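Here, residue 1 is the first one in the sequence, and each next residue gets the next number. Keep in mind that what you see is a predicted model, and the values were worked out from it rather than measured.
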Amino acid sequence: ELNRQLKVSNQQLKATEQQLRSANQQLEANNQQLIASDQEMKKQAHFLQERLKELSCFYEISELVRTNITIEELLQEIVNIIPSKWQYPEIARGKIKFEGNEYVSQTFMESKWKHSSDIILKGKVLGSVEVYYLQELPGIIEDPFLNEERKLIEGIAKNISETIERNRAEEALQNSEEKFQDLFFSIALPLCLVDNDGIIKLRNNKFVEVFGYTEEEVPSLKEWWIRAYPNEEYREWVIRNWESVVKNAIEPGKDIKSDEYLVTCKDGSNRNIIISGSTIDDNFVATFIDITERKRAESDLLNKNDYIE
């Protein structure tokens, strides 16, 4: 009986030992999973931290673009930002080259560990954005730059290209508008620029001098029709005729056909005016040639001829 009990106890001990061994294996597996999970969490946290740097970089650049600074100042500010957005900011340095000028980050040095992306305007390479690591990184034999960092530098270069191209287009437009206005106001004939809604956007000094109507008195065609053509029946004919010639000019892109109109000025006098113009997109520039004196001279000549006869 004693032997049987010892045998049973021994079997129970073996079973308990097996259970403990299995439990220990399970604990080890759980521990490995926890270690792997912790490593994955650290990896994900690092990944998110790097992506936040990228977002921060583009946000800071976009804020700089909104400020009223020169392109030169903008490029210097961008290159100052770049090192802090890389994985190893303490050994990262930045350089931007554009149209023969160079802009570098603080304590800049070049090294063999470099990545760059071209600044391209209208298909032409005008510069580059460059990032350097000053020393070899432990455990990294070849390329120390992350794929995300490569995409980031390409994004920065593209952002710079688009910003400069947009700024230059705005400057060209502004210069063009200034030249247009200089020419517009220097011409010694009455002129006005009218938009698609009939608002008189510009009128030169000669317009006010000949007709007497200021911007406050005639801000749009609506007021012009009433003041310049007080006779309702004649006004209706003028409006129909003018809208017809403007429409015919817009469709084929021709100049507005000239015609003679009798215009009533602010002082109550009537002047014989040949009105024509040119369309500019949905706007038009109206030109006014005063032939009142010529018409008066022709009338006087006819009267003299009738008197002689």
Side-chain angles (χ1 to χ4, degrees), residues 66 68 166-167 169-304:
R66 292 190 182 95
N68 188 26
R166 184 171 58 252
N167 285 1
E170 290 172 354
E171 287 175 3
L173 177 60
Q174 183 177 349
N175 291 336
S176 177
E177 289 176 347
E178 288 174 356
K179 289 179 181 178
F180 170 78
Q181 291 199 25
D182 288 343
L183 179 63
F184 185 89
F185 286 106
S186 67
I187 291 177
L189 288 173
L191 298 175
C192 69
L193 173 66
V194 183
D195 70 11
N196 191 44
D197 296 321
I199 305 300
I200 302 176
K201 305 295 289 184
L202 291 173
R203 72 198 72 207
N204 64 357
N205 296 333
K206 199 67 178 177
F207 180 94
V208 179
E209 179 185 325
V210 171
F211 302 117
Y213 300 121
T214 63
E215 182 178 357
E216 291 74 20
E217 294 164 332
V218 180
S220 71
L221 289 181
K222 179 181 178 182
E223 292 78 18
W224 168 256
W225 299 134
I226 295 172
R227 288 179 176 268
Y229 312 103
N231 181 280
E232 186 175 353
E233 185 176 348
Y234 182 64
R235 184 196 311 144
E236 291 176 356
W237 173 84
V238 170
I239 294 172
R240 284 198 307 271
N241 190 63
W242 178 254
E243 290 180 345
S244 175
V245 295
V246 170
K247 181 180 179 181
N248 290 336
I250 290 175
E251 290 180 350
K254 299 178 180 178
D255 289 340
I256 299 170
K257 181 182 176 182
S258 62
D259 210 338
E260 182 181 339
Y261 301 89
L262 187 65
V263 177
T264 300
C265 302
K266 181 179 178 179
D267 62 7
S269 64
N270 293 319
R271 306 193 74 84
N272 299 96
I273 306 291
I274 293 178
I275 306 178
S276 60
S278 299
T279 57
I280 306 175
D281 296 328
D282 292 333
N283 307 323
F284 67 79
V285 175
T287 62
F288 304 82
I289 301 176
D290 188 352
I291 60 169
T292 306
E293 299 305 322
R294 191 185 78 186
K295 295 279 288 188
R296 185 175 294 122
E298 289 174 354
S299 179
D300 290 344
L301 182 60
L302 286 173
N303 290 335
K304 287 180 181 179

Original post:
What class does the angle between the rings of F184 and F180 fall in, given that below 30° is parallel, 30 to 60° is tilted and above 60° is perpendicular?
Top reply: tilted
Original post:
Who passes ring-ring contact (aromatic ring centres under 6.0 Å, His included) against F207, sequence neighbours left out?
Top reply: F211, W224, F288
Is there a side-chain contact between [X] and [Y], using heavy atoms and a 4.5 Å cut-off?
{"X": "I200", "Y": "V218", "answer": "yes"}
{"X": "R271", "Y": "V210", "answer": "yes"}
{"X": "K179", "Y": "L183", "answer": "no"}
{"X": "K201", "Y": "N283", "answer": "no"}
{"X": "Y229", "Y": "V263", "answer": "yes"}
{"X": "D259", "Y": "W242", "answer": "no"}

Taking salt bridge (Lys or Arg N to Asp or Glu O under 4.0 Å) as the test, write out the residues that go with [X], two or more places apart.
{"X": "E217", "answer": "K266"}
{"X": "R166", "answer": "none"}
{"X": "E209", "answer": "K206"}

Original post:
How would you list all residue pairs meeting salt bridge (charged side-chain N to carboxylate O under 4.0 Å, His left out) that involve residues 230-245, not counting sequence neighbours?
Top reply: none
[X] (side chain) donor-acceptor with [Y] (main chain) under 3.5 angstrom:
{"X": "D197", "Y": "I199", "result": "no"}
{"X": "N204", "Y": "L189", "result": "yes"}
{"X": "E223", "Y": "S220", "result": "yes"}
{"X": "T292", "Y": "N272", "result": "yes"}

Subject >> Set of residues satisfying side chain to side chain donor-acceptor pair (under 3.5 Å) with respect to E293, sequence neighbours excluded >> reply: R296
Original post:
So, E170 versus Q174: side-chain donor-acceptor pair below 3.5 Å or not?
Top reply: no
Subject >> Smallest separation among heavy atoms of R203 and Y213, with atom names >> reply: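 What the structure gives for the nearest pair is NH1-O, 3.9 Å.
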**OP:** Heavy atoms only: give me the nearest I256-V245 pair and the separation to one decimal.
**Re:**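 In this case the closest contact between I256 and V245 is CG2-CG2, 3.7 Å.
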